[in-house]
Amino acid sequence: TIRPVRRSYYDPSSAPGKGVVWEWENDSGSWTPYDMDVGITIQRAYEKQHPWVDLSAIGFCYVIDFATMGQINRQTQRKRRVRRRLDMVYPLVSGTLPKSQSWPASPGAAAAPPVPACACPQCLLVMSVKATVSAAGPGTATLQPRKAPPVPPAAPKAPVPAPGAKAPDGTAVVRGSLKPLAAQGGRRQAASTPALSSASSATSPPGTGSSKVSRPSLGTLNRSHLQRLAIAQSRVLIASGVPTVPVKNLTGSSPVNPALAGITGILMSAAGLPVCLTRPPKLVLHPPPVSKSEIQSIPGISHTCRKTTKKQAKKGKTPEEVLKKYLQKVRHPPDEDCTICMERLSAPSGYKGPQPAVKPDLVGKLVKCGHVFHLHCLVAMYNNGNKDGSLQCPTCKTIYGVKTGTQPPGKMEYHIIPHALPGHSDCKTIRIIYNIPPGVQGPEHPNPGKSFTARGFPRHCYLPDSEKGRKVLKLLLVAWDRRLIFAIGTSSTTGESDTVIWNEIHHKTEFGSNLTGHGYPDINYLDNVLAELAAQGITEESLVQEKD
């Protein structure tokens, strides 16, 4: 896949021009930089000594409070820490931008008067790569290179390989080319400029020596040397803070892989983008193999498997009888709207569907939360739901009774395996295995009588075998028994309809990494999933109810 890239220039007075980076703290406790435009906006307000800045003007519902160095979500009021950090200054230009020109340069362009070289690490890298690739072209390696920044005469010279001689090790080439830059006293430039060519032309005074300097051709390097060269270049670039570009299979068995990695670096460098080739982190979905003898049951939890086979028995009561337990009649309705039909409470219900056996002008108040609705609307809402004897307030989501779901039949297994999760090295791991086969939808599902699919089963999920992890497992067992873990609907990832989907209770399906956001470490996960279970009406009180 080929995508266009571009390089932006920023004003020296802006945040990137000063090397200022604004970051926010994510759920795993690490820091994530804001987009460049957001960082510029925050820095501008910070420099004007504003107490806070509202980011809604640029499309984000956040407020940055400089007094507490926090980011506040305007909708949820959730607060995160932010910080201001100094980093490398972005490349700057003064005056008009240089005219675009083709590359590699033609011989006529090479003879043009040299442009004063920029001494920033990115430009030094670009000039180095351009000069080396020019030398590696067809024919003899005699293209005129661009002049590098001047170096003191005492700078040591890197050896130039003789024609036909075996090319030196790739790592030695990089290290040797860094020495002249290090002699300038600029550690940052030295670390950022892994020049692939000899530095003898840079160390020669102007006007002396040959105008054509022999350079080692990439064609003379074997595959092993190319790999070492790329890895050595990556190390010095990472140390200097140059952005990295993950390239898969950098050291794969095929010679095509390192060649593609090198081409990627050359093309991006030619476009003015410093590039560092690194190996992308690996996705670790499953733990190492575990034998049956290593699997243990979980103390305090009976059995190691739960099954659901059919829909739970309905309450033998009419909707009116169910609602009567949770409502109080209101003789004098308040002057406000019913949030179900959006008609005034003082007027009849606006519900136009099948008419329940309730007068449309009756009004009731839920006893726990105190929200007021038309009885007509509440009965209609109950009839359109699971009809399991429970009711959920449409305004505040308070649950009345025991909420159950529409999860299709399946099996849930759970046990302990002798491996630790990232961030939980002090305990073993609880593994949960869900298995739901495809089948036919029942009367409680979106399309009764139509078949449904079940993709990705069995699904493996993981919890730390800690006190809180076992508490979460016990509540997940209650959710499973109440058929609230899964539902039948449309997948948000594939768009497939009539398939088994997660039902708003997040699980960790990634064992040894967190590349998808569904893995560890995640210091807030257990608290978050407890809150999601509570939103489904499952708390520690539910454990007592289940025992009863």
Side-chain angles (χ1 to χ4, degrees), residues 306-320 322-323 326 338-342 349-356 373-374 376-412 432 434-459 461 476-507 509 518 529 532-538:
R306 295 278 180 95
K307 291 184 179 181
T308 56
T309 55
K310 60 181 179 180
K311 190 177 186 296
Q312 295 178 353
K314 294 181 182 179
K315 311 291 183 182
K317 296 181 180 180
T318 64
E320 292 79 5
V322 172
L323 296 177
Y326 311 133
C338 170
T339 56
I340 299 177
C341 69
M342 301 310 295
S349 168
Y351 177 69
K352 302 301 182 183
Q355 299 297 306
F373 307 93
H374 290 119
H376 199 89
C377 295
L378 286 174
V379 171
M381 185 184 74
Y382 180 85
N383 285 331
N384 288 327
N386 202 24
K387 292 182 280 192
D388 57 358
S390 69
L391 182 71
Q392 189 166 14
C393 174
T395 300
C396 66
K397 308 303 180 185
T398 299
I399 296 174
Y400 296 82
V402 177
K403 179 182 178 180
T404 59
T406 60
Q407 176 181 291
K411 182 171 67 172
M412 174 184 180
I432 305 171
Y434 295 110
N435 202 351
I436 295 179
V440 178
Q441 299 181 51
E444 72 275 21
H445 293 136
N447 297 299
K450 186 177 180 180
S451 61
F452 67 87
T453 58
R455 310 292 185 190
F457 289 94
R459 298 186 185 182
C461 309
L476 287 176
L477 289 171
V478 175
W480 174 264
D481 291 337
R482 295 183 183 179
R483 305 175 70 211
L484 293 168
I485 300 290
F486 296 98
I488 294 178
T490 301
S491 171
S492 60
T493 54
T494 65
E496 181 182 12
S497 58
D498 298 305
T499 189
V500 179
I501 59 175
W502 293 105
N503 187 36
E504 299 181 0
I505 301 175
H506 286 82
H507 286 62
T509 56
H518 302 299
V529 75
E532 292 171 345
L533 287 163
Q536 300 286 345
I538 301 174

ask   = Are any of the side-chain heavy atoms of Thr406 and His445 separated by less than 4.5 Å?
value = yes
Looking at side-chain heavy atoms only, is the closest gap between Trp502 and Thr509 below 4.5 Å?
yes
Smallest heavy-atom separation, Ile436 atom then Pro409 atom, equals CG2-O, 3.5 Å
Separation between CG (Asn503) and CD (Gln536), nearest 0.5 Å, reads 5.5 Å
d(Thr404 OG1, Lys387 NZ) to nearest 0.5 Å is 12.5 Å
So CD of Glu496 and CD1 of Ile501: to nearest 0.5 Å the spacing works out to 11.0 Å
dist Leu323:CG -> Thr318:OG1 (nearest 0.5 Å) comes out at 8.5 Å
For Gly401 and Ser390, the nearest pair of non-hydrogen atoms, with its separation, is C-CB, 4.2 Å
### Message
Is the distance from the ring center of Tyr382 to that of Tyr326 below 6.0 Å?
### Response
no
Only one of Leu378, Val379, Asn383 passes side-chain contact (heavy atoms from CB on, under 4.5 Å) with Met381, and that residue is Leu378
* Under the side-chain contact (heavy atoms from CB on, under 4.5 Å) rule, what do Cys393 and Phe373 come out as? Steps first, then yes or no, please. => CA-CA 10 Å; Cys393 174; Phe373 307 93; 3.9 Å; yes
Between the CD atom in Glu504 and the CG atom in Leu484, the distance rounded to the nearest 0.5 Å is 10.0 Å
Between His507 and Leu476, does a side-chain contact (heavy atoms from CB on, under 4.5 Å) hold up when you go through it step by step? CA-CA 10 Å; His507 286 62; Leu476 287 176; 3.9 Å; yes
Nearest heavy-atom contact between Thr490 and Gly495 is CG2-O, 3.6 Å
- Does any N or O in the side chain of Thr499 come within less than 3.5 Å of the main-chain N or O of Thr453, such that one atom is a donor and the other an acceptor? yes
One should read off an interatomic distance between Ile399 CD1 and Leu391 CG, to the nearest 0.5 angstrom, of 10.0 Å
Does Lys397 offer a backbone N or O that forms a donor-acceptor pair with the side chain of Gln392 under 3.5 Å?
yes
### Query
Hey, does the side chain of Ser491 reach the backbone of Thr493 with a donor-acceptor pair shorter than 3.5 angstrom?
yes
His374 and Cys338 have their tightest heavy-atom pair at ND1-CB, 3.5 Å
Of all heavy-atom pairs linking Asn447 and Gln441, the shortest is N-OE1, 2.9 Å
All heavy atoms of Ala454 vs all of Pro438, minimum pair found to be CB-N, 3.9 Å
With side-chain contact (heavy atoms from CB on, under 4.5 Å) as the test, would you mind laying out the steps for Arg482 and Val402 before giving the verdict?
CA-CA 9 Å; Arg482 295 183 183 179; Val402 177; 3.5 Å; yes
**Request:** Could you tell me whether the side chain of Arg306 reaches within less than 4.5 Å of the side chain of Asp481, counting heavy atoms only?
**Result:** yes
Notebook entry, point to check: Would you say the side-chain atoms of Gln407 pair up with the backbone N or O of Ile485, donor to acceptor, closer than 3.5 Å?
Noted result: yes
*asked:* Go through it in stages, so that I can follow the logic: the residues are His506 and Val529, the test is side-chain contact (heavy atoms from CB on, under 4.5 Å), and I'd like the CA-CA distance, side-chain angles, deciding distance and then a yes or no.
replied: CA-CA 6 Å; His506 286 82; Val529 75; 5.5 Å; no
